[in-house]
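What follows is a short report on a single structure.
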Protein chains: 2
Amino acid sequence: MKISQLSAASGVSQPTIKLYLREGLLPPGAKTHANQAAYSEAHVRRLGIIRTLTQVGGLSVASAKTVLDAIDSDLPLNWTFGLAQRAASPDVDGTDLSDADLARADDFLAGLTYHDGPGRFGVAKALRAMADAGLEADGAWRESYRKAAEIIGEADIDLIDRREGRLAKAETVVIGTVLGDALLAALRRAAQEHFSSQRYPSRSTETAP
Amino acid sequence: MKISQLSAASGVSQPTIKLYLREGLLPPGAKTHANQAAYSEAHVRRLGIIRTLTQVGGLSVASAKTVLDAIDSDLPLNWTFGLAQRAASPDVDGTDLSDADLARADDFLAGLTYHDGPGRFGVAKALRAMADAGLEADGAWRESYRKAAEIIGEADIDLIDRREGRLAKAETVVIGTVLGDALLAALRRAAQEHFSSQRYPSRSTETAP
DNA sequence: TCATAATGGATAGTTTAGGTATCTATAGTG
DNA sequence: CACTATAGATACCTAAACTATCCATTATGA
């Protein structure tokens, strides 16, 4: 398969494919001559994953490369997990978090063990931002969120458990981490619509501009 | 309060404040002279919300403007909801979704009423991306996600219900929509860490690079 | 076979977004 | 009255993600 066919099969333009080759997201094709290479179905599939990560998951090309490298490597699975989480999270350092910020997060996470990382720091940042914005979320709301997160986190780990082999598990970790965020956000919107229209039936048929 | 003091009080640089004024995210100060204006505490607060939306919520400046306009307007609350959802979602049009994509989403959403919008379309896109990536999520996983989304969606609507007055409700809608996504993603990471370390205790202390 | 089109690889250009720097006439301040 | 600050306009900068143009070489088809 030549690059023109790869482009047609994947729906990605030739210059963009060349970009991904340069950046190392896509492995080079098997060289048949100095200026001729053969691409395979694996390249088509890989391009699909790249587009999924960047377009649906919103990852940068650099982050996508990190995550793809993790799939290909033989790193322990939990490292892959951490890499995927970091790639899919905007900024993970806790340097600008005060002790009070962290305490608020740890209080929220009560019942969940926690470590430094995207989870704990992200919760701390989100809660601080809410407090700054004057949105004091009450206990019922917080309890619902914590409960929902528990359900989801366990389901994610179960799903990975059911996969056979390191590669399948690693792919599930990466795709699941990135797409799970998008799916969850969308489900949340759908559920909000559902309960909103259920509670205010007269408004349910209006549409936002 | 002059612009230098506004900058000091908000932690946002003067050129950036001028940018937000130009773009209409920040209302102009009360003019005292042709080249002199007075800013208030409301401007400090507004700058805080802008930074929250753009930095924690990841909204573009243009999306943040849309959402702030919705807070200020006297649009019905469910319109504000829709605007906030759209601003916080990458792409909402369902034009590239096939009937099969939508059917898969509607099946997932069973039990929830749904309408065209970020929720339904976002679910359809995420599920299609998962299928494309070869991640076939089984029924148990799907059921967990749907259940979690129900808990969260209802909690969100309850929280808004408990607010008094249109402005407070509208602010809660906007901040809650944007920051709720960030909080939920972070909570999910924390829960994944928790269950992962619980299930694989020997690995729990390892740290990703 | 030989003109024509396609290829891999390098290099340069484009677009968009978010922010920064400079400039100017005017106003406040010590 | 010297000096700094201000509002507003304009220009500039940087990074990311593509896109376009070259070029020598290779494939292809009338």
Side-chain angles (χ1 to χ4, degrees), chain A residues 1-40 43-44 46-68 87-88 90-91 178, chain B residues 1-40 43-44 46-68 87-88 90-91 178:
Chain A
M1 191 187 293
K2 298 174 189 177
I3 198 173
S4 59
Q5 298 166 287
L6 178 58
S7 172
S10 64
V12 178
S13 75
Q14 279 192 40
T16 301
I17 291 175
K18 288 185 176 184
L19 170 72
Y20 295 156
L21 287 168
R22 279 201 302 280
E23 300 293 327
L25 304 215
L26 191 66
K31 280 211 182 176
T32 58
H33 293 278
N35 69 336
Q36 222 71 17
Y39 303 99
S40 66
H43 287 88
V44 180
R46 181 76 166 221
L47 275 174
I49 295 183
I50 293 172
R51 299 303 270 192
T52 291
L53 293 178
T54 55
Q55 301 200 328
V56 183
L59 296 204
S60 67
V61 170
S63 297
K65 176 171 164 49
T66 303
V67 141
L68 289 167
D91 45 352
V178 172
Chain B
M1 191 186 294
K2 299 174 190 177
I3 197 173
S4 58
Q5 298 167 284
L6 178 59
S7 173
S10 64
V12 179
S13 75
Q14 280 191 40
T16 300
I17 291 175
K18 289 187 177 184
L19 171 71
Y20 294 155
L21 287 168
R22 278 203 301 281
E23 300 294 326
L25 304 213
L26 191 66
K31 279 211 181 175
T32 59
H33 294 278
N35 68 336
Q36 223 72 17
Y39 303 99
S40 66
H43 287 86
V44 179
R46 181 77 168 221
L47 276 174
I49 296 182
I50 294 172
R51 299 303 270 192
T52 291
L53 293 178
T54 56
Q55 301 200 329
V56 184
L59 295 206
S60 67
V61 170
S63 297
K65 176 170 164 48
T66 303
V67 140
L68 289 167
D91 45 352
V178 172

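Chain identifiers are assigned alphabetically (A, B, ...) following the order of the sequence lines, protein sequences preceding nucleic acid strands; residue numbering begins at 1 within each chain. Nothing here was measured: the structure is a model prediction, and the numbers come from that model.
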Practice task
Please round to the nearest 0.5 Å and tell me the distance separating atom OG1 of T16(B) and atom CZ of R51(B).
Solution key: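 Between atom OG1 of T16(B) and atom CZ of R51(B) there are 6.0 Å.
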
Problem - Within-4.5 Å side-chain heavy-atom neighbours: M1(A) and S40(A) - result: no

Interatomic distance, [X] [atom1] vs [N] [atom2] [rounded to whole Å]:
{"X": "I3(A)", "N": "dA27(D)", "atom1": "CD1", "atom2": "P", "value": "16 Å"}
{"X": "I50(A)", "N": "dA17(D)", "atom1": "CD1", "atom2": "P", "value": "13 Å"}
{"X": "K2(B)", "N": "dT4(D)", "atom1": "NZ", "atom2": "C1'", "value": "10 Å"}

Exercise for the section: Strictly below 4.0 Å, heavy-atom distances to any atom of DNA chain C: list the hits from residues 16-37 of chain A, or just say none. Expected result: K18(A), R22(A), K31(A), N35(A), Q36(A), A37(A)

Practice task
Could you list by number each residue of residues 56-65 of chain B showing a heavy-atom separation from DNA chain C of less than 4.0 Å, or answer none if no residue does?
Solution key: S60(B), V61(B)

Handout entry: Stepwise side chain to side chain contact (heavy atoms under 4.5 Å, CB included) check, I3(A) with K18(A)
Key = CA-CA 9 Å; I3(A) 198 173; K18(A) 288 185 176 184; 3.9 Å; yes

Exercise for the section: Please find the earliest and latest nucleotides of DNA chain C, in the 5' to 3' direction, that have an atom within less than 4.0 Å of any heavy atom of chain A. Expected result: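 Contact span on the strand: dT7(C) to dT11(C).
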
Handout entry: Main-chain N/O of L59(B) paired with S63(B) side-chain donor or acceptor, under 3.5 Å
Key =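 No; zero donor-acceptor contacts below 3.5 Å.
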
Exercise for the section: Keeping the roles fixed (side chain from T54(B), backbone from G58(B)), state whether a donor-acceptor pair exists under 3.5 Å. Expected result: no

Tell me the closest heavy-atom pair linking [X] and [Y], and the distance in Å.
{"X": "L25(A)", "Y": "R46(A)", "value": "O-NE, 3.1 Å"}
{"X": "Y39(B)", "Y": "K2(B)", "value": "CD1-C, 3.9 Å"}
{"X": "Q14(B)", "Y": "S7(B)", "value": "N-OG, 3.7 Å"}
{"X": "P28(B)", "Y": "L21(B)", "value": "CA-CD2, 3.9 Å"}

Handout entry: Member of I49(A), I17(A), L68(A), L19(A) meeting the side chain to side chain contact (heavy atoms under 4.5 Å, CB included) criterion with L26(A)
Key = I17(A)

Exercise for the section: Would you mind classifying the nucleic acid contact of S13(A) as base, sugar-phosphate or nothing, using non-hydrogen atoms under 4.0 angstrom? Expected result: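 The answer is sugar-phosphate, as S13(A) gets under 4.0 Å only of primed atoms, P, OP1 or OP2.
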
